[in-house]
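Some notes on the structure that comes next.
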Amino acid sequence: MAMEKNFDANTAEARIAGEWAASDAFAAGANAKPGAESFSVVIPPPNVTGSLHIGHALNNTLQDILVRWHRMRGFDTLWQPGQDHAGIATQMVVERQMAQRQEPNRREIGREAFLQKVWAWKQESGDTIIEQLKRLGASCDWSRNAFTMSGAPGAPAGEEGNFHDAVIKVFVEMHDKGLIYRGKRLVNWDPHFETAISDLEVENREVPGHMWHFKYPLAGGATYEYVERDEDGNVTLRETRDYISIATTRPETMLGDGAVAVHPDDARYAPIVGQLCEIPVGPKQHRRLIPIITDEYPDPDFGSGAVKITGAHDFNDYGVAMRNNIPLYALMDGKGAMRQDGLSYEESAEIATRAANGEDVGDVSNVNLVPEELRGLDRFEARKLVIEQISAEGLAVTYLHKEIEKETGAEHLERRALVESKPIMQPFGDRSGVVIEPMLTDQWFVDTAKIVGPALDAVRSGQTKILPEQHEKVYFHWLENIEPWTISRQLWWGHQIPVWYGLNLSLEGQVDDDHDGALDDVEIFALLEEGLVHRDEIHHAASGFADVAEKFRDSIAGLPQPLEIARVIEVANREAAVDAFAQGLADYNLTQDPTKLVYPVWRDPDVLDTWFSSGLWPIGTLGWPEQTPELARYFPTSTLITGFDIIFFWVARMMMMQLAVVGDVPFRTVYVHGLVRDEKGAKMSKSKGNVIDPLTLIDQFGADALRFTLTSMAAMGRDPKLGPKHVEANRNFVTKIWNATRFAEMNGVRGGVARPEPKHVVNRWIIAELARIRMATDEALESYRFNDAATGLYAFVWGKVCDWYVEFSKPLFDGEHREETQATMGWVLDQCYTMLHPIMPFVTEELWALTGDRPKMLVHGDWPEFGAELIDAEADRQMNWVIALIENIRSARAQIGVPAGARPDLIVTEADEAARAALAANGPLIERLARVNPPADGAMGPGMISVAALGASFALPVGEMIDVKAESARLEKSVAKTEKDAQGLRGRLSNPKFVENAEAEVIEETREKLAALEDDVSRIRAALAQLQAM
RNA sequence: GGGCGAUUAGCUCAGCGGUAGAGCGCUUCGUUCACAUCGAAGAUGUCAGCGGUUCAAAUCCGUUAUCGCCCACCA
């Protein structure tokens, strides 16, 4: 059977992938030795909406290398695959598709129908990336493919895993331990998706912006002496002012100001602290007054030193407002438009004014300080109008603008509004790209401060190691300054929060006024009349309605009878609950039948942050909360390979959550790789159009070439830069080893033989080289130096096996060493396939099958363990001499211009014993590779060029071709270079301090090197002398 | 404003105490029984600057410059 000249990656890859799949080659524990240690990796789950990008290709190639390597070494190996439900992204994709098809939108069809559509979409398109990963060669146990939404209510057949159970169980447990809480807080709100997002999902970007300066007039026309001083206390400005100057980049938020704050030590404003000033916007007749307060937050050296405080729309202001008991006036709705709900402006302003005067006005959520003419406008539209209004009123801070007419020289003075154009940092939603609005909303939070400790300790103590180490610092810094994690999302696709609410009926003893433990008609009437609407809520978390009903029964057990036996029922929302409860009461009132009484509860409509479920990935994919055998065998997992961009999103949270939930670290080692960039080092992005599609590269050059390329560029802590040229070069490497095999095959070499113990020095030498590369490869992989493993194998296969061993073998196949050379080559190539397999699984699997009758596929091949014991120092020394001699002859020939086809004699003018032995053993090899006739003793003569090797000198008669001048120039140049190197070594050795301090080994090495150089120099000098004597 | 990283051949990058390497590109030569997706030979570096530690520095320390990235609430 003759092999083709090239490996046909396209057809072979599909076929081989099919064979692996058919034989369950990647199943958990496949190829494990009895009693083997386990090695497990969980895949960073790609989004169901995803398709394979170059970052996935790198990430999964590196994982696959570790996994295949361990599997071949006989570990009990599991690579756990799966996908992430990606709440926002998926909901967005499905909604977009619905819009394209001109179907009714999600609100029109309702939650349940929409979720069905998402599941349908997932079933149809969700496998895309899995198939792509298979094309890459990822050896995951695909039978275990997990999904973060599996087992959720409404999941169709085929999605009945239990990930949902894990998520819900963790939520309930953390809730009941007080690690998860609900609260009305200022959160990052995405007005596009109309949901809260966590601080990590906010991208702060610098954009061109403006800063406006406005005057807030003092109440009642009061004035004060405004004095500015320089550093030495000299007065630089003194004027009487009736206002305080305020700067803002967001004038529309002035409507919601609750105070103006200055620093307590700021002498400029000391006279007016405690006074009221007027917000210069809003209907003239209802201008609001707000107090001037002190707080540590304002920086006296920045701007005017006075800050307007809008507690409901700015995180800093929120802090100031909370400290100083300033009301938080919300101005916008979920879409980022000015509110239209709540009280009229007039009523609202009245309440706010009372608050400004120190009165406790209670809950202000109904207060809407947006003037009627601005209500419903987009926030940016409202900004324009606010600016216009203030400016029209002359309350913008102005400066004197001087213009000189060119022709006449006349000066024009004009007052202009002070508006600074400057770059400002603005928060954007990482998925929506719109400006994030801080909004006061009810959300769920993980109290991260309570669970962060163990996650920090585990890395500090080395229980989990993060590589490269520089990332540990980043990890520490983030965790040490961690903020509460907002986990509720106002979306539909996700794990619905397992919390139910009910009306709080037990407040302040209102229910049972006469404390008789029973509900009389008067009290029932009171309950109904006093507005159930205004009652607050109680809530419980549980894994389902049955469980939560139990908890509510406990809660209402203390109510007066017969309320305490009301039936707990589930309704859609609060309004429905009020209605149902009222109805029940009314029925009871009529019939006195206590079974008519119901206690309605409704479930929180929000879903959990996708990362909350991803945070449970290690245990969740292994079957937790069931105590599965896989959990016992593979948890904690061995290594996590991931990109630095999700260290916070994912890695840190997995650390916290696994430790909080099961008390152990999720993985022993985290290897963080870089971001693949284009060949110029730029980030790949669609807008730049420099995105490299890994599938195109696979089509073009094969998966092995792509994998090898990514691996060889994966130096720790660096960003790989990828261009098609690189992949092409490595495709050539695939071709190279393919053709080395083809050569072997043509010479009767077969694989599958036991390790031979050859006699010939060439065979002994290549085995020694192989032993070295085996040790180096393992060492590199053990320390995650993937690039060293790849480049080392490349250099060995191409630079040693193909360039030299294959060439040396040609004469050997014709002689008495034919058989041992066949055996050696077969065995050496087998080892090459084996060691390359983790990086290049397809071509090696193919070659493995082509070259022998194999008991098993290479994917389950045995990783070699041999090492230094196979190194034959004498063979090594001799072959290095032979190679050096061949190189020297080739070099001399090329420089003198001896035609490639010419075959001159090789005259040995002088040689020591070792050189003679090497010549005798390797004559035919040298003849062939240096293209010379068999070596024979003789003397230097005219028309010859000379060549030296350690311990020997040679002459090559090249007849009339010789140009004496050129030959002496060549020799002189060679002497000069060698002599220069020798001089350096001599200098070192003659330095007494070097000899005193340096390691003995280093000194010895230096001496040997010098001796070799000196031998070389003297031989070339001799040749030069002879040349000149002729 | 903090933190991290980079600066090495024309290009993209390894190396991280013993005197510079790879791939691509370039020059010359080559139909020698594996491979032109190839072979042979070659050219090309004050290892960013300055200072220090050391017998010895691309490699360790300090500093400057330039370029990246991450984090951060300056109105």
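Residue numbers begin at 1 in each chain, while the letters A, B, ... track the order of the sequences. The analysis underlying the following values was restricted to heavy atoms, covering all of them including side chains, and did not include hydrogens, waters or symmetry mates.
- Nucleotides A48(B) and A6(B) have their C1' atoms positioned 11 Å apart, rounded to a whole Å.
- Counting any heavy atom pair closer than 4.0 Å across all strands shown, K5(A) reaches sugar-phosphate atoms only and no base atom.
- Judged purely by atom type and a 3.5 angstrom limit, H313(A) uses its side chain to pair as donor or acceptor with the backbone of P438(A).
- A distance of 8.0 Å separates CZ of F842(A) from CZ of F7(A), quoted to the nearest 0.5 Å.
- Base engagement by D299(A) is indicated by at least one non-hydrogen atom pair under 4.0 Å involving a base atom.
- Here K977(A) does not pair with E979(A) in a salt bridge; the nearest charged N to carboxylate O distance is not below 4.0 Å.
- Partner assigned to G62(B) is C50(B), using Watson-Crick or G-U wobble distances below 3.5 angstrom.
- Applying the Watson-Crick and G-U wobble criteria (two distances, each under 3.5 Å), G1(B) pairs with C71(B).
- Looking at heavy-atom distances under 4.0 Å, E420(A) makes no contact with the nucleic acid at all.
- Taking atom CD1 of I889(A) as the reference point, atom P of G42(B) lies 13 Å away to the nearest angstrom.
- At the heavy-atom level, P298(A) lies under 4.0 Å from base atoms of the strands shown.
- One donor-acceptor pair, N or O on each side, does fall under 3.5 Å between the base of C35(B) and the side chain of K736(A).
- Whole-Å rounding puts the E296(A) CD to A75(B) P distance at 20 Å.
- Both distances falling under 3.5 Å, in either a Watson-Crick or a G-U wobble arrangement, place C38(B) opposite G30(B).
- Nearest to the side-chain atoms of H477(A) among the listed nucleotides A34(B), A40(B), C71(B) stands C71(B).
- With both ends at atom P, the span from A72(B) to G25(B) equals 44 Å, rounded to whole Å.
- Here R731(A) lies in heavy-atom contact (under 4.0 Å) with a base.
- In the set A34(B), A75(B), A41(B), the nucleotide with an atom closest to the side chain of T249(A) is A75(B).
- A donor-acceptor contact shorter than 3.5 Å links the side chain of T448(A) to the backbone of E483(A).
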* Going 5' to 3' through nucleotides 15-23 of chain B, assign each nucleotide B (protein heavy atom under 4.0 Å from a base atom), S (under 4.0 Å only from sugar-phosphate atoms) or - (no protein heavy atom that close). => -B-BB---S
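- Atom CD in E206(A) sits about 14 Å away from atom P in C70(B), given to the nearest Å.
- Note on W798(A): only backbone sugar-phosphate atoms sit closer than 4.0 angstrom, heavy atoms only; bases stay farther off.
- Base pairing annotation: C11(B) forms a Watson-Crick or G-U wobble pair with G23(B), both donor-acceptor distances under 3.5 Å.
- For the C1' atom pair drawn from U19(B) and G62(B), the interatomic distance equals 24 Å after rounding to whole Å.
- Nearest nucleotide to the Q895(A) side chain, out of G42(B), A34(B), C70(B): G42(B).
- Rounded to an integer number of Å, the gap from I309(A) CD1 to A75(B) P is 13 Å.
- The gap from the P atom of C67(B) to that of U27(B) amounts to 35 Å, rounded to the nearest Å.
- Looking at the side chain of Q470(A), the nearest of the listed nucleotides C4(B), A41(B), U32(B) is C4(B).
- Under a cutoff of 6.0 Å and an axis angle of 45°, K736(A) and Y794(A) do not form a cation-pi pair.
- M713(A) comes within 4.0 angstrom of nothing in the nucleic acid, heavy atoms only.
- By the 30° and 60° cut-offs, the orientation of the rings of H673(A) relative to Y671(A) is tilted.
- Taking the side chain of N991(A) as heavy atoms from C-beta on, and the options C55(B), A40(B), G42(B), the nearest nucleotide is C55(B).
- Taking atom C1' in both C73(B) and G1(B), the straight-line distance is 12 Å, to the nearest Å.
- At a threshold of 4.0 Å, the pair E420(A)-K422(A) does not count as salt-bridged, since none of the basic side-chain nitrogens sits closer than that to a carboxylate oxygen.
- The base of A34(B) does not come close enough to the side chain of E4(A) for any donor and acceptor atom to sit less than 3.5 Å apart.
- As a whole-Å value, the separation of F808(A) CZ from U32(B) P is 20 Å.
- Among the protein residues, F302(A) comes within range of the nucleic acid bases, having at least one heavy atom under 4.0 Å from a base atom.
- Mapping N739(A) and W804(A) onto RNA chain B via the closest heavy atom, the residue that lands nearer the 5' end is N739(A).
- Within 4.0 Å (heavy atoms only), R928(A) reaches at least one base atom of the nucleic acid.
- Nearer the 5' end of RNA chain B, as judged by each residue's closest nucleotide, is the contact made by R742(A), out of R890(A) and R742(A).
- Side-chain polar atoms of T310(A) and K308(A) form a donor-acceptor pair below 3.5 angstrom.
- Between R742(A) and E4(A) there is no salt bridge, since no side-chain nitrogen of the basic residue lies less than 4.0 Å from a carboxylate oxygen of the acidic one.
- Taking atom C1' in both U32(B) and A43(B), the straight-line distance is 27 Å, to the nearest Å.
- When distances are taken from the side chain of N732(A) to each of C38(B), G42(B), G68(B), the shortest belongs to C38(B).
- Of the P atoms belonging to G42(B) and G23(B), the separation is 14 Å, rounded to the nearest Å.
- With respect to the salt-bridge test (charged N to carboxylate O, under 4.0 angstrom), the residues R970(A) and E967(A) qualify.
- Here the C1' atom of nucleotide A34(B) and the CH2 atom of W738(A) are 12 Å apart, to the nearest Å.
- The side chain of K810(A) has A34(B) as its nearest neighbour among A34(B), C38(B), C4(B).
- The P atoms of C55(B) and A22(B) are separated by 33 Å, rounded to the nearest whole Å.
- Within 4.0 Å of F701(A), counting heavy atoms only, lies no atom of the nucleic acid at all.
- Using a 4.0 Å heavy-atom distance criterion, G792(A) is classed as making no nucleic acid contact.
- We find that E437(A) and R250(A) are joined by a salt bridge, their nearest charged nitrogen and carboxylate oxygen being less than 4.0 Å apart.
- Separating the CG atom of D301(A) from the P atom of G1(B) is a distance of 15 Å, rounded to the nearest angstrom.
- Between the P atom of C4(B) and the CZ atom of F644(A) lies a distance of 16 Å, rounded to the nearest Å.
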